[in-house]
Amino acid sequence: MSIATWYLCLGIVVVTTGALRLLMVQDLIARLIALNVTGTGSLMVLMALAARSTPIDPVISALVITGLVITAAFTSVAAVLIRRLEDHPDIDDGQASS
C-alpha cells in the first residue's frame with residue numbers, strides 16, 4: 001500500500017467520522033468541530049489524490065491551501081454566531097424579542 005493510498009483511506013475515515021458526529025450531536029460547538037473534522041478529511045482526500053501524480057499537481061495543492069484558509073475564516077465566523085445565539089436563548093425559536 002502506497003503512502004498516497006494510506007492517506008486516502010485515512011481521509012475517508014476522517015470524513016466519515018466527522019459526518020457521523022455531525023449528524024449525532026445537538027450541541028452547536030460540537031457540530032462546528034465535527035464540521036471542521038469533516039472538512040479536514042476532505043482536504044486529506046484531495047491531497048492524497050494530488051500526491052498520486054508525479055510531480056504533485058500544483059492546482060490541487062493550491063485548492064487545499066485555499067480550503068484551509070476558508071475553513072479557518074468560516075470557523076471563526078461560526079464561533080461568533082454560536083456565541084451570540086447562546087447569549088440570546090430566545091432567538092432559538094425564531095422569535096427575537098426587542
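- Transitive grouping of hydrophobic side chains (ILVMFWY, heavy atoms separated by less than 4.5 Å) brings Ile60 and Leu68 into a common cluster.
- Here the straight-line distance linking atom CD1 of Ile3 with atom CG of Leu10 works out to 12.5 Å at 0.5 Å rounding.
- Distance check: Met47 CE to Ile56 CD1 gives 6.0 Å after rounding to the nearest 0.5 Å.
- Between Arg31 and the choices Asn36, Leu22, Ile82, the side chain to side chain contact (heavy atoms under 4.5 Å, CB included) rule is met once, by Leu22.
- Expressed to the nearest 0.5 Å, how far CZ of Arg52 lies from OG1 of Thr5 amounts to 5.0 Å.
- Cluster partners of Val13, using a side-chain heavy-atom cutoff of under 4.5 Å among ILVMFWY residues and allowing indirect links: none.
- Here the CG atom belonging to Asp27 is positioned 10.0 Å from the CG atom belonging to Leu32, to the nearest 0.5 angstrom.
- Residues Val59 and Leu63 fail the side-chain proximity criterion, which asks for heavy atoms closer than 4.5 Å.
- In the hydrophobic clustering of ILVMFWY residues, with side-chain heavy atoms under 4.5 Å counting as a link, Leu49 and Val64 come out apart.
- Looking at every heavy atom in both residues, Gly18 comes nearest to Ala34 through O-CB, 3.6 Å.
- Within the model, atoms CZ of Arg83 and CG of Leu28 stand 14.5 Å from one another, a figure rounded to the nearest 0.5 Å.
- Contact detail for Leu8 and Ala48: the closest heavy-atom pair is N-CB, 3.5 Å.
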